[in-house]
Amino acid sequence: MTLPQLPPRVPPVLGRLGGALLVLLVLSLAVYALFYVAPGDPARLACGERCNPAQIAQVREQLGLNDSVVVQYLHFLQGLLAGRDYSGGAAVLHCDAPCLGFSYQNDRQVTELLLERLPATFSLALGALVIWLVVGVGTGLLSALRRGGATERVLTVLTLAATGTPVFILGLLLLMAVCAYLQWLPFPTYVPFGEDAEQWAWNLLLPWITLGVFESAKYARITRSSILETLAEDHIRTFRAYGVGERALVTRHAVRGAVAPVIALSAVDFGTMIGGAVLTESLFGIPGLGKTLIDGVRVVDLPVVVGVVLAIGTAVVIAGAVADLLYAVADRRVTLS
């Protein structure tokens, strides 16, 4: 008797990629329904409060809002994948893929606007990532090494204080202490890396510390708990019975167990930061995606708001998929299904 041939199994990486694409498709549908199908006039919101009825009618025609909801969404999806044309009488506006819409209030494509603001957000997220990994993992490791002692208690108090302090309060305290009272630094003004690398770093130092310290508390707790959990495993007790020192057990064996969750969480948090650290960017005046979202909401620029929300969602979804892959690479006991 011949057994039926099973279909070939989809590689885990392709499975994760397919799942991420499906989530992005659902995200695009949800965002479109939330902003364009919800009660209200999308044409008026896209055009702005100063538009007259004739301009609103032109925008409605350019956006294809006179078509059915299904056709509108298909045009929206076509713009994301292949670009689209916004036609209104004799004028034709072409938007290259990924087309996130056209900001009539800024007279620019939303994609161009976001790509212009992305380097500032990326710079903020990258510097904060370095700080929260160094400070958070280092604090968690030191707390695990000194568990039960005064050092651990002090670090625990500091970690709880950092966790309970809102990020904007921490940023305000740094601004007042460093810039106003001590006058060690001038008030930050974002300078692109390509213009002056030194000024770029100095002006981002306080935002990096603000986000880095706020996030490092979480990584300190995760690192400490992962190390202590690993130290309670059977093979660690065997090493301890053979006379291996406690410091060697922590640094050579227990740290490996803490690497995987830290790497996975870092990928997710970095993706969230790329999506926009709204409070930090607004507080320090950094022209990134978060500040762009706040500005778009303030002037009711619907295409900009939709574009930033889609960018944030896409960054988080991609970061989640990357985190799964990195977790499996860092911990061989984990397999992707």
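Numbering of residues begins at 1 and proceeds along the displayed sequence. Since the structure is predicted, the reported quantities are computational estimates derived from the model, not experimental observations.
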Residues, nucleotides or ligands: over 12 heavy atoms within 6.0 Å of Gln78 CD: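 Yes, CD of Gln78 has more than 12 neighbouring heavy atoms, counting only those of other groups under 6.0 Å.
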Those residues that, when tested against Ser143, pass side chain to side chain donor-acceptor pair (under 3.5 Å) (two or more places apart): Arg224
Side chain to side chain donor-acceptor pair (under 3.5 Å) against Ser28, all qualifying residues, sequence neighbours excluded: Tyr73
Residue pair Ala97 / Ala82: nearest heavy atoms and the distance that separates them: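 Closest approach of Ala97 to Ala82: CB-C, 3.5 Å.
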Nearest atoms (heavy-atom pairs only) where Leu185 meets Leu205: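 Reported closest heavy-atom pair: CD1-CD2, 4.1 Å.
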CA sep, side-chain torsions, deciding dist, call: Phe284, Thr210, side chain to side chain contact (heavy atoms under 4.5 Å, CB included): CA-CA 10 Å; Phe284 291 97; Thr210 300; 3.6 Å; yes
Partners passing side-chain contact (heavy atoms from CB on, under 4.5 Å) against Thr156 (at least two apart in sequence or in another chain): Glu152, Leu160
Do [X] and [Y] make a side-chain contact, defined as non-hydrogen atoms from C-beta onward lying under 4.5 Å apart?
X	Y	value
Leu129	Met273	no
Ser282	Phe168	no
Val167	Leu211	yes

Side chain to side chain contact (heavy atoms under 4.5 Å, CB included) assessment of Ile312 paired with Leu293: CA-CA 10 Å; Ile312 292 174; Leu293 176 61; 4.2 Å; yes
With sequence neighbours excluded, give me every salt bridge (Lys or Arg N to Asp or Glu O under 4.0 Å) pair touching [range].
range	result
residues 207-223	Glu215-Lys218, Lys218-Asp269
residues 298-311	Asp295-Arg298
residues 114-131	Arg108-Glu116
residues 182-200	none

Within the side chain of [X], is there an N or O that forms a donor-acceptor pair under 3.5 Å with the backbone of [Y]?
X	Y	value
Glu281	Gly290	yes
Asp67	Gln72	no
Tyr190	Gly288	no
Thr111	Pro98	yes

Cluster question for you: counting only ILVMFWY and a side-chain heavy-atom cut-off of under 4.5 Å, with indirect links fine, are [X] and [Y] together?
X	Y	answer
Leu142	Val213	no
Phe76	Val71	no
Leu175	Leu173	yes
Val268	Phe214	no
Leu170	Val130	no

Euclidean distance, Leu126 CG relative to Ile131 CD1, rounded to 0.5 Å: 10.5 Å
Inter- and intrachain pairs under side-chain hydrogen bond (donor to acceptor under 3.5 Å, both in side chains), touching residues 310-322, at least two apart: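 Those involving residues 310-322 do not exist here.
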Check: Phe270 ring centre within less than 6.0 Å of Phe122 ring centre: yes
Disulfide (SG to SG under 2.5 Å) contacts in which one or both residues fall within residues 106-185, not counting sequence neighbours: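 Counting only pairs at least two positions apart or across chains, no disulfide (SG to SG under 2.5 Å) contact touches residues 106-185.
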Counterpart residues, ring-ring contact (aromatic ring centres under 6.0 Å, His included), relative to Trp200 (two or more places apart): Phe193, Trp208
By ring-ring contact (aromatic ring centres under 6.0 Å, His included) - contacts of Phe102 (at least two apart):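 For Phe102 the ring-ring contact (aromatic ring centres under 6.0 Å, His included) partners, ignoring immediate neighbours, are Tyr104.
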Hydrophobic cluster (4.5 angstrom, side-chain heavy atoms) - remaining members for Val70: Leu74
